[in-house]
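Data first, discussion second: the structure below is written as structure tokens.
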Amino acid sequence: PFAKIGLPCIVVGLLNYTLSLGLVILLLWKSPFPKLTSILAIFSFYIFWQYSIDARGIYILGLLILFTIACLYETRHTKPILFGSLIFLLANCNVTMFPTVAGLLAVWFAETVIAKKTKPVFFIGFSISTLGFIYAAWQVGLILPPSDFPMVGITDNVGFQPYAML
């Protein structure tokens, strides 16, 4: 989208570094983790190099949303719409977050039902996050793939069709 509006290529890098800085600030000042854990996470291979420098934007954005969810985890019962909206964004960030989102949805639902904190606002937030998960699965072709989508490498060799299980 940046090239279409005439911005130079460096804008993508600056956006990526800004997101990385946001993650570092979040980890150091707002995260529920001990400071040593936060510092070690910041200087780990994936956060320090792979997601901040090699990969452009998409993975660091997922981590930023994931750690924002971790920081706001205590408010999941009092602000379920915000919590569900963050899970919606995380589901649509990249495909590698699918298992994480599925786990978050399952744990959040189980905790809320067990704690008997199922208010109508919880179902709104949970519906938002579930719809985000379904929408992301539809975008990548796991649900109702288009007829011209061959799923190369999966259906050609072994005949496995994950969408047929739904």
Side-chain angles (χ1 to χ4, degrees), residues 1-2 5 7 9-143 162:
F2 300 117
I5 60 174
L7 294 174
C9 294
I10 195 165
V11 171
V12 175
L14 293 174
L15 179 63
N16 194 47
Y17 296 139
T18 305
L19 292 172
S20 300
L21 182 63
L23 178 65
V24 168
I25 290 170
L26 187 70
L27 277 173
L28 287 179
W29 284 285
K30 298 292 183 185
S31 73
F33 310 119
K35 292 292 182 207
L36 180 61
T37 304
S38 296
I39 291 169
L40 289 175
I42 290 167
F43 289 104
S44 68
F45 170 74
Y46 286 102
I47 293 176
F48 185 73
W49 179 260
Q50 189 69 33
Y51 296 160
S52 298
I53 296 171
D54 275 354
R56 290 289 180 206
I58 192 166
Y59 296 113
I60 201 72
L61 181 61
L63 282 180
L64 184 61
I65 295 170
L66 186 63
F67 281 111
T68 304
I69 289 172
C71 291
L72 297 175
Y73 191 74
E74 294 298 322
T75 64
R76 67 193 179 282
H77 296 302
T78 57
K79 298 177 182 177
I81 294 176
L82 174 65
F83 194 73
S85 299
L86 286 171
I87 294 176
F88 178 98
L89 292 173
L90 184 64
N92 286 279
C93 195
N94 56 49
V95 177
T96 59
M97 291 296 177
F98 274 20
T100 305
V101 169
L104 276 171
L105 286 173
V107 168
W108 185 30
F109 186 79
E111 280 181 345
T112 306
V113 169
I114 290 170
K116 296 181 178 152
K117 296 187 178 188
T118 54
K119 298 175 184 174
V121 72
F122 161 73
F123 291 108
I124 294 170
F126 190 78
S127 297
I128 289 170
S129 57
T130 304
L131 287 173
F133 185 74
I134 292 170
Y135 179 62
W138 174 72
Q139 287 182 71
V140 297
L142 293 177
I143 299 174

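Counting begins at 1 with the first residue of the sequence.
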Does Y17 form a side chain to side chain contact (heavy atoms under 4.5 Å, CB included) with L21? I'd like the steps, not just the answer.
CA-CA 6 Å; Y17 296 139; L21 182 63; over 6 Å; no

Minimal heavy-atom distance between T75 and L72, with the atoms involved, is OG1-O, 2.7 Å

Atom CD1 of I5: over 12 foreign heavy atoms under 6.0 Å
yes

Take atom NZ of K35 as the centre, draw a 6.0 Å sphere, and report whether it contains more than 12 heavy atoms from other residues, nucleotides or ligands.
yes

Can you list, pair by pair, the side-chain donor-acceptor contacts under 3.5 Å of residues 87-95, counting residues two or more places apart and other chains?
{"unit_1": "N92", "atom_1": "OD1", "unit_2": "Q139", "atom_2": "NE2", "d": "2.8"}
{"unit_1": "N92", "atom_1": "ND2", "unit_2": "F88", "atom_2": "O", "d": "2.9"}
{"unit_1": "N92", "atom_1": "ND2", "unit_2": "G132", "atom_2": "O", "d": "3.2"}
{"unit_1": "N94", "atom_1": "OD1", "unit_2": "T96", "atom_2": "N", "d": "3.4"}
{"unit_1": "N94", "atom_1": "OD1", "unit_2": "T96", "atom_2": "OG1", "d": "2.7"}
{"unit_1": "N94", "atom_1": "OD1", "unit_2": "M97", "atom_2": "N", "d": "3.3"}
{"unit_1": "N94", "atom_1": "ND2", "unit_2": "I58", "atom_2": "O", "d": "3.3"}

W108 and L104: CA distance, side-chain angles, deciding distance, side chain to side chain contact (heavy atoms under 4.5 Å, CB included) verdict:
CA-CA 6 Å; W108 185 30; L104 276 171; 5.9 Å; no

Quick check: F126 with F83 (ring centres under 6.0 Å apart)?
no

Find the distance between SG (C71) and CG (L66) and round it off to the nearest 0.5 Å.
10.0 Å

Just verifying a value: how many Å separate S38 OG and W29 CH2, rounded to the nearest 0.5 Å?
11.0 Å

Closest heavy-atom pair, A70 versus P32, reported as atoms and distance to 0.1 Å, is O-CG, 3.7 Å

Taking all heavy atoms of G22 and all of L64, pick out the closest pair and write down the distance.
C-CD1, 3.7 Å

Is there a side-chain contact between Y59 and L63 in this structure, where contact means two heavy atoms from C-beta onward sitting under 4.5 Å apart?
no

Approximate separation, where rounding is to 0.5 Å, of L23 CG and T18 OG1:
12.5 Å

Roughly how far, to the nearest 0.5 Å, is CG of L27 from CD1 of I42?
5.0 Å

Looking at F98 and F133, what are the two nearest heavy atoms and their distance?
O-CE1, 3.6 Å

Could you state the interatomic distance from CG (N16) to CD1 (I60), rounded to the nearest 0.5 Å?
6.5 Å

Kindly indicate whether the side chain of Y73, heavy atoms from C-beta on, has any atom under 4.5 Å from the side chain of V107.
yes

How about Y46: does its OH atom have over 12 heavy atoms from other parts shown lying under 6.0 Å from it?
no

Output yes when a side-chain donor or acceptor of T130 lies under 3.5 Å from a complementary backbone atom of S127, and no otherwise.
no

K119 side, atom NZ; I124 side, atom CD1 - distance, nearest 0.5 Å
12.5 Å

